[in-house]
Amino acid sequence: MGSDGFALKRQVSLWLLALVAVVNYFDRQVFTVLMEDIKAELVLNDTVLGLISGLVFGIIYAVAALPIARLADKGDRPLVIGACLGIWSLATAACGFAANAWQMAIARMTVAVGESGSGPASMSVLTEIFPPERRVLVIGVMQAASSVGLSFGVIVAAWLASFLPWRSVFLVMGLPGVLLAILVAVFVWEPRRKGGKIGSGQAHETVPMLEALRIMAAIPALRWIGLLCVAVPMAGFGYLMWGPSFLQRVHGFEKSELALLGYAILVGLVAGNLFAGWLGDKYGKDNPRFNGWLSSVGLLAAIPFALGFALLPDPNLALVCFVGLKFFMTLWVPPTLALVFSLVPAEMRATISAVFNLFIILAGVGLGTMVVGLLSDAYTVSFGSAAIRYSLVTMTAGLAIGAVASAMAARSVMRGKPAP
């Protein structure tokens with residue numbers, strides 16, 4: 001196949017997998033928009049809401065992520081991605097039939113099983129079919145796609161919820177993913193398939209899981225990145241998952257007005273991911289430490305914006321701060337992922353990606369979302385309906401911890417040996 005044919009296959013694969021990333025967070029955000037309706041109809045408190053939307057989801061995600069990543073490292077990755085997408089799309093639709101907390105928890109657990117597999121397999125494919133000098137930008141595109149899903153998930157769910165019952169919103173937002181799953185399985189380029197070769201076209205011999213974890217533990221930069229992937233998501237997902245409820249309770253937003261939060265997410269995250277991707281490719285390609293320092297500076301800059309969103313009395317200023325929060329705290333993601341991939345061999349990239357993605361989901365969606373709910377219930381005695389405001393303020397500490405971890409990763413990265 002000529003170079004033009006390879007270029008076309010790369011682009012088709014990138015945009016299909018970017019669309020999967022959009023749908024991933026698109027489906028996830030529908031729950032956050034509908035939490036107040038779910039809470040009222042199923043008679044739940046914030047702690048139970050946090051468990052269903054967070055810890056239950058995160059634990060199942062963690063259990064499923066590594067075996068699915070191992071399957072992706074050994075087999076046909078587009079088929080794995082398509083199957084995962086089909087599972088979580090049907091499970092999202094099933095949330096609309098939940099009659100109690102247990103049924104909703106089961107549906108959410110099934111969503112977690114599906115979502116746990118697509119990200120690592122997608123990154124594994126893309127880092128194989130694109131050359132090293134384009135990886136940071138490709139990762140930035142994928143992160144930007146996730147940001148589009150996060151934002152439009154809020155916008156579309158808020159719009160649908162303004163005229164549809166919450167149960168119908170789950171159905172409308174879940175089922176279209178089944179069609180995309182088929183397209184991904186058929187059209188995403190898999191070099192391991194006959195006729196789709198890059199080099200040998202053979203699947204890599206995978207590194208055993210214990211060996212992969214040993215390699216991670218032996219590289220100081222990866223240890224610091226592990227702390228980063230725990231601390232920052234706890235703060236980030238806390239703000240993201242509870243943002244709609246915060247605006248409804250503290251600033252009196254109607255569901256239709258939550259679209260403004262979606263636009264704030266869109267501007268902040270997409271701009272941040274693309275800017276980070278550009279900076280990483282321009283300055284970090286030959287200087288791995290740059291990626292760590294970029295992450296640290298971004299996280300420090302995000303702290304005042306996080307506090308502004310939670311504490312400012314004007315909702316418009318709060319939304320402006322949310323844009324700044326998401327822009328600056330997003331600067332850590334593409335460069336850090338590129339740094340991780342540069343430190344490990346190709347045959348274990350999906351596994352390593354799954355491990356760090358596991359940290360992010362378990363700490364962020366799992367612990368972060370639950371801790372905000374726990375703190376909100378605990379602070380209610382003192383602060384009433386404003387309790388969620390101070391629970392978010394408490395979570396901001398994760399950004400400071402992440403800034404320190406990023407700086408330490410930058411200082412220690414040269415001790416690791418970059419992989420091709």
Side-chain angles (χ1 to χ4, degrees), residues 58 62 65 119-120 123 136 139-140 143 146 212-240 269 272-273 275-277 279-280 283-284 287-307 324-344 349 352-369 371-372 392-418:
M123 287 301 184
V136 177
I139 293 170
Q143 293 298 319
S146 298
L213 294 174
R214 187 196 67 77
I215 292 172
M216 289 175 56
I219 300 175
L222 292 183
R223 295 200 297 268
W224 285 111
I225 291 171
L227 176 59
L228 170 67
C229 290
V230 171
V232 175
M234 285 190 68
F237 277 98
Y239 273 86
L240 193 63
L269 291 187
N273 277 304
F275 184 62
L279 279 178
Y283 299 106
N287 180 17
R289 291 191 178 198
F290 175 84
N291 291 325
W293 290 116
L294 174 61
S295 169
S296 183
V297 171
L299 292 171
L300 286 175
I303 293 173
F305 289 98
L307 296 176
L325 166 64
K326 289 305 169 184
F327 175 85
F328 283 109
M329 73 173 294
T330 301
L331 295 183
W332 76 274
V333 182
T336 301
L337 289 176
L339 177 58
V340 169
F341 288 138
S342 76
L343 293 171
V344 298
R349 283 177 183 147
I352 293 296
S353 178
V355 171
F356 283 108
N357 205 36
L358 182 154
F359 289 170
I360 291 170
I361 293 298
L362 190 57
V365 178
L367 292 176
T369 305
V371 170
V372 172
L392 292 176
V393 169
T394 304
M395 300 302 291
T396 307
L399 300 179
I401 295 171
V404 173
S406 296
M408 294 304 297
R411 292 187 60 185
S412 61
V413 67
M414 291 303 181
R415 303 177 197 171
K417 296 181 179 180

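Note that this is a predicted model, so its numbers are computed, not measured.
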What distance do [X] atom [atom1] and [Y] atom [atom2] have between them, rounded to the nearest 0.5 Å?
X	Y	atom1	atom2	value
Ile303	Phe305	CD1	CZ	12.0 Å
Leu222	Leu227	CG	CG	13.0 Å
Leu300	Leu331	CG	CG	11.5 Å

For this session: Keeping to residues at least two apart or across chains, list the side-chain hydrogen bond (donor to acceptor under 3.5 Å, both in side chains) pairs with something in residues 295-306.
Result: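 Qualifying pairs: Ser295-Ser406.
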Exercise. Which pairs with one or both residues in residues 224-233 pass side-chain hydrogen bond (donor to acceptor under 3.5 Å, both in side chains), sequence neighbours excluded?
Worked result: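 For residues 224-233, and leaving out neighbouring residues, there are no side-chain hydrogen bond (donor to acceptor under 3.5 Å, both in side chains) pairs at all.
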Exercise. Do Thr396 and Tyr239 come within less than 4.5 Å of each other through their side chains, counting heavy atoms only?
Worked result: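 A side-chain contact exists here, since the closest heavy-atom pair is under 4.5 Å.
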[X] versus [Y], closest heavy-atom pair with distance:
X	Y	value
Phe237	Thr369	O-OG1, 4.3 Å
Val230	Phe359	CG2-CB, 4.4 Å
Ala363	Met234	O-CG, 3.0 Å
Ala235	Met395	CB-O, 3.2 Å

Donor-acceptor pairs under 3.5 angstrom involving side-chain atoms of residues 398-405: please list them, not counting sequence neighbours.
none

Problem set entry | Partners passing side chain to side chain contact (heavy atoms under 4.5 Å, CB included) against Ala301 (at least two apart in sequence or in another chain) |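 If we apply the side chain to side chain contact (heavy atoms under 4.5 Å, CB included) test to Ala301, skipping adjacent residues, the hits are Phe328.
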Exercise. Taking the side chain from Lys326 and the backbone from Gly236, do they hold a donor-acceptor pair closer than 3.5 Å?
Worked result: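 Judged by distance alone, yes, a pair lies under 3.5 Å.
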